[in-house]
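For reference, the structure discussed in these notes is given below.
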Amino acid sequence: MNVFKDAGHLFRLAAVFVAGLLIFLVIRGFLVPKSFGQLGHYRANAVAEIAARPIKFAGHESCEGCHADVLDKKKNGKHAGVNCEACHGPQAQHADDPTAVKPDKLDTAVLCARCHEANAAKPRNFPQVDTAEHSRGLPCDTCHHPHSPVIVAGGAK
Amino acid sequence: MPGVDGFMYPNEIELQWSVLIVLYPFLTGLVAGAFILASLERVFQVEAVKPTYRLALLTALSFLLVAPLPLQLHLGHPERSYEMYLTPHRTSAMAMFGFVYLWYLMAVLVLEIWLDYRRQIVLLSQSSTGWKRAIYSVMTLGSTNISERALAIDEKAGWLITVIGIPSAFLLHGYVGFIFGSIKANPWWSTPLMPVVFIFSAMVSGIALVMLLYMLITWARRQVIDMKCVDTVARYLFYIFVIDFSLEMLDLIHRIYEADESFRSLDFMVHSKLYLSHIVVQIALGTIAPIALLGLTQVAKLSDIARKRIYAAAGCLTLMGIFAMRWNVVIGGQLFSKSFLGYTTYKMGLVAREGLLMAILLTILPFAILWVLVKVLPPWPEASSGSIPDAEPAR
Amino acid sequence: MNITRRHLLLLLPAASVAWKYVLAGTPEAAPNYKLSEHWWGMLIDLPKCIGCGNCVRACQAENDVPDGYFRTWVERYHVSDYDIENPQVDSPDGGKKGFPPAKDVKGKNFFVPKLCNHCADSPCTQVCPVGATFVSQDGVVLVDPKYCLGCRYCVQACPYGCRFINPRTNTAEKCTLCYHRITKGLTTACCENCPTGARQLADLRNPADPIHEFLKTHSVHVLKPSMATRAKVYYNELDGSVR
């Protein structure tokens with residue numbers, strides 16, 4: 001009895017700690033996101049949120065739905081494996097509303113060089129040229145057809 | 001790329017952890033070290049260091065209160081830090097921080113200080129007036145029982161808490177070392193010795209700090225420095241420092257001898273970008289010099305004045321050396337590329353959220369808190385507690 | 001009904017089915033995607049890489065990556081036959097604008113695209129203190145930007161340098177393997193725009209995926225195998241000097 005009386009202040013202290021712990025547990029119940037832990041130690045909703053981010057590149061299947069003529073030109077040429085947006089840039093908005101959003105015209109003098117400018121680190125069998133010497137600043141589509149880049153008699157344009 | 005030699009992965013050029021993350025292990029190390037010094041008296045019955053007991057506890061508390069601030073300031077989203085308490089990730093060493101910190105603060109330090117000061121708090125709550133009386137009354141938790149039996153219970157409980165506190169202090173700082181030591185991607189950090197080195201360097205820095213503070217405050221209060229006490233503290237400082245140095249050298253020798261794939265890159269870094277802070281400041285000035293000075297006091301018979309001066313010099317050098325050690329771990333670990341092909345540069349801002357001024361402010365802040373704590377809970381024998389001078393116990 | 005739909009998706013890697021859901025931006029409505037049926041990775045066919053930087057630009061456009069930070073980048077290696085352990089590497093602006101002519105054409109020169117390896121035992125998700133980054137059930141390492149503290153521990157823990165702190169959001173960011181695309185039947189932006197087919201998205205849980213035939217018949221490595229992270233980005237003909 002006396003021991004309890006003389007240790008009374010310790011019990012008071014213990015009560016303060018227990019009160020703190022209870023407050024923590026209550027707050028925790030409110031603040032942890034509802035979907036946390038459903039799939040693992042993370043917010044399950046984050047997966048759907050990340051999956052819902054907007055798309056910028058429509059993908060070549062979308063392009064081919066309308067531009068079947070280009071697909072025909074490409075399919076037997078060297079660029080058959082090069083997807084549309086690799087050169088034309090992100091076109092999801094265009095695919096979404098083809099009349100309102102039009103792709104930019106491309107400058108083949110710059111565009112083609114990105115891949116075909118000679119560089120010692122490129123695979124040996126990859127077609128590459130020193131553009132300054134090869135075309136002297138002329139756009140590549142003066143002679144080559146971009147969708148099937150063999151040399152066109154009398155020019156591509 | 002400015003500041004980059006050789007090749008860095010492009011996302012590595014910017015350093016992730018700044019001077020504030022250097023400060024964090026430095027401050028927690030002081031906490032752990034000061035507490036270990038306090039426990040020398042309480043658990044290991046080293047009576048000679050008694051004059052530093054309460055001061056060591058208050059120092060530990062004031063530094064512990066500041067320790068999370070650099071972390072908080074460095075977060076990209078400080079307002080989300082509570083998540084660490086809500087959903088701690090079991091595999092993350094860092095998630096432990098919140099709990100180890102709270103445990104150490106509330107269950108160890110605050111409790112031990114409260115039990116040790118309870119008699120004084122109760123007396124002060126009765127003798128003081130006004131808002132001071134209110135503060136002390138709250139601190140009594142409404143219990144004014146300071147009978148002999150109650151105090152005997154306090155004494156036993158305090159001893160138990162100190163016994164629990166020692167492994168807790170090791171845990172607090174060992175885990176800080178583990179945060180770095182467990183990163184396998186970084187060969188500068190990844191070593192099982194890291195937590196051990198952190199613990200011993202923590203003890204070294206904490207003991208040095210309390211020794212300096214004790215000498216400074218006693219001098220400011222125009223009291224006589226208890227030379228037996230300071231000699232004992234310095235002797236422990238010397239022993240632990242020798243262990244700490246041996247461990248660090250063991251790590252170094254091991255790295256040099258094994259010379260794994262990262263060695264050439266790290267070796268070059270130590271001899272170039274880290275030369276000043278690692279070789280000169282940390283090892284030469286911050287470790288070998290203070291060990292030599294302290295060693296001298298162990299072998300030669302010197303006058304009190306000479307010993308005091310040597311202790312003061314060794315203490316300052318020690319603190320500088322341990323800070324440099326934290327710097328070299330945290331900053332050094334980010335200067336080289338994980339491709340081992342290049343190095344980047346750390347540019348410290350001056351007036352920035354993670355800049356130099358903030359770091360200085362955070363270093364001074366614990367001393368200000370200590371000043372307040374010393375006012376509220378005087379750490380010296382109660383007879384002289386009425387004559388607290390207004391001199392600031394800052395460095 | 002359900003079975004035919006699923007068959008359709010297996011037979012046609014095309015996204016045409018999912019496209020209307022894509023535009024609606026509602027992933028729950030992409031009906032044919034089940035987390036447990038996929039285990040994503042990537043194949044990098046190094047001999048095909050021409051260092052054009054299309055993947056880096058496409059990634060930046062698709063994912064709004066801030067300038068100076070990279071979810072994917074391309075490195076150029078130069079290895080001298082007299083010092084094969086010390087390659088010279090450069091990656092000007094992550095290879096985003098291609099590469100200038102090589103300084104030294106003697107020796108071996110080649111490109112290496114890098115991206116998050118989507119490790120099954122990822123050291124980055126291991127260290128996250130709050131569960132803001134995780135390996136999803138379909139094998140993609142993701143960051144929850146609404147939960148990330150910005151403590152940067154994951155950036156330190158990645159052996160490959162694939163993470164960064166986005167200065168606009170102050171949260172950790174990295175390659176999501178275009179999670180918003182692959183869950184709708186599209187390929188990633190980098191794979192879609194690689195002109196030579198050097199990058200190919202791979203679903204390791206799909207027995208019909210060509211990755212399985214490739215892994216059986218080629219000499220394939222992962223980066224830094226000593227890290228034992230179970231990386232899922234496979235490099236064909238990876239040179240030993242690459243780190």
Side-chain angles (χ1 to χ4, degrees), chain B residues 1 4 6-18 21 71-72 74-99 178-180 182-190 260-262 264-265 330 333-334 337-342, chain C residues 56 68-71 73 75-77 85-96 114 123-134 145-167 169-174 224 226-229 242-243:
Chain B
M1 196 62 74
V4 175
F7 171 71
M8 302 289 287
Y9 295 135
N11 293 328
E12 282 182 326
I13 292 163
E14 182 183 302
L15 259 70
Q16 300 300 326
W17 285 350
S18 67
I21 306 299
L71 289 187
Q72 192 71 18
H74 137 92
L75 288 181
H77 284 272
E79 81 283 1
R80 294 182 187 167
S81 57
Y82 69 90
E83 289 168 2
M84 246 189 252
Y85 287 108
L86 300 187
T87 58
H89 193 201
R90 259 174 304 164
T91 62
S92 168
M94 199 183 271
M96 286 281 292
F97 170 75
F99 295 96
F178 189 77
I179 282 189
F180 296 98
S182 62
I183 296 298
K184 68 177 167 191
N186 190 320
W188 184 246
W189 291 344
S190 177
D260 67 7
E261 58 168 353
S262 65
R264 275 175 56 136
S265 179
V330 176
Q334 304 175 82
S337 170
K338 286 170 189 157
S339 68
F340 308 132
L341 293 170
Chain C
V56 187
Y69 301 88
F70 301 89
R71 292 185 178 198
W73 69 96
E75 295 167 5
R76 175 170 62 183
Y77 271 69
E85 284 183 358
N86 291 296
Q88 281 164 34
V89 186
D90 66 340
S91 179
D93 203 8
K96 190 157 62 185
K114 296 269 184 85
C124 56
T125 62
Q126 183 187 30
V127 302
C128 176
V130 296
T133 182
F134 52 90
K146 288 189 186 159
Y147 211 63
C148 173
L149 300 175
C151 74
R152 302 167 179 237
Y153 201 14
C154 57
V155 186
Q156 306 284 12
C158 174
Y160 314 98
C162 293
R163 287 178 170 250
F164 58 88
I165 297 291
N166 184 326
T169 61
N170 286 322
T171 54
E173 195 173 301
K174 63 180 285 300
K224 300 192 180 182
S226 63
M227 286 289 149
T229 58
V242 176
R243 50 282 292 277

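Remember, it's a predicted structure, so these values are computed and weren't measured experimentally.
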Based on non-hydrogen pairs under 4.5 Å, which of B:Lys338, B:Gln16, B:Met8, B:Met94 is most in contact with chain C?
B:Gln16
Report yes or no: does C:Tyr153 contribute a side-chain atom to a donor-acceptor pair with the main-chain N or O of B:Ile179 at less than 3.5 Å?
yes
Sort B:Ile21 into side chain, backbone, both or neither according to what part of it lies under 4.5 angstrom from a heavy atom of chain C.
neither
Among B:Met96, B:Arg90, B:Met84, B:Glu261, single out the residue with the greatest number of heavy-atom pairs under 4.5 Å to chain C.
B:Met84
For B:Tyr85 and B:Gly98, indicate whether the former's side chain and the latter's backbone hold a donor-acceptor pair under 3.5 Å.
yes
Who wins among B:Ser81, B:Gly6, B:Ala95 for the most heavy-atom pairs under 4.5 Å with chain C?
B:Ala95
Taken to the nearest 0.5 Å, the spacing of B:Lys184 NZ from C:Thr229 OG1 works out to 6.5 Å
I need the residue from C:Arg243, C:Gln156, C:Met227 with the largest number of non-hydrogen atom pairs under 4.5 Å to chain B.
C:Gln156
Do any N or O atoms from the side chain of C:Thr125 and from the backbone of C:Thr133 form a donor-acceptor pair under 3.5 angstrom?
no
Looking at CZ of C:Phe70 and OH of B:Tyr9, how far apart are the two atoms once the value is rounded to the nearest 0.5 Å?
15.0 Å
Hey, could you give me the CD/SG distance between C:Glu173 and C:Cys154, rounded to the nearest 0.5 Å?
11.0 Å
For B:Gln334, which atoms come within 4.5 Å of any heavy atom of chain C: side chain, backbone, both, or neither?
side chain
Are there more than 12 heavy atoms of other residues, nucleotides or ligands under 6.0 Å from atom CD of C:Glu85?
no
Do you know which of C:Gly68, C:Cys162, C:Cys148 has the most heavy-atom pairs under 4.5 Å to chain B?
C:Cys148
Honestly, the part of C:Tyr160 sitting under 4.5 Å from a heavy atom of chain B is backbone
Best-contacting candidate, C:Ala132, C:Gly161, C:Cys151, against chain B by heavy atom pairs under 4.5 angstrom:
C:Cys151
Tell me whether the count of non-hydrogen atoms from other residues, nucleotides or ligands lying under 6.0 Å of OH in B:Tyr82 goes above 12.
yes
Examine whether an atom of B:Trp189 lies under 4.5 Å from a heavy atom of chain C, and if so say whether it belongs to the side chain, the backbone or both; otherwise answer neither.
side chain
Which one wins on heavy-atom pair count under 4.5 Å against chain C: B:Leu75, B:Thr91, B:Asn11?
B:Asn11
Flag the one option from C:Gln88, C:Arg152, C:Lys114 with the top tally of heavy-atom pairs under 4.5 Å to chain B.
C:Arg152
So, taking the atom named OG1 in C:Thr171 and the one named NZ in C:Lys146, what distance separates them when rounded to the nearest 0.5 Å?
12.0 Å
Examine whether an atom of C:Pro87 lies under 4.5 Å from a heavy atom of chain B, and if so say whether it belongs to the side chain, the backbone or both; otherwise answer neither.
both
Tell me, side chain or backbone of B:Phe340 under 4.5 Å from chain C's heavy atoms, or both, or neither?
both
Check whether B:Ser337 gets within reach of chain C through its side chain, its backbone, both or neither, counting any heavy atom under 4.5 Å.
neither
Residue, of C:Asn86, C:Val242, C:Ile165, that accumulates the most heavy atom pairs under 4.5 Å with chain B:
C:Asn86
Taking B:His77 for the side chain and C:Tyr147 for the main chain, is one N or O donor matched with an acceptor at less than 3.5 Å?
no
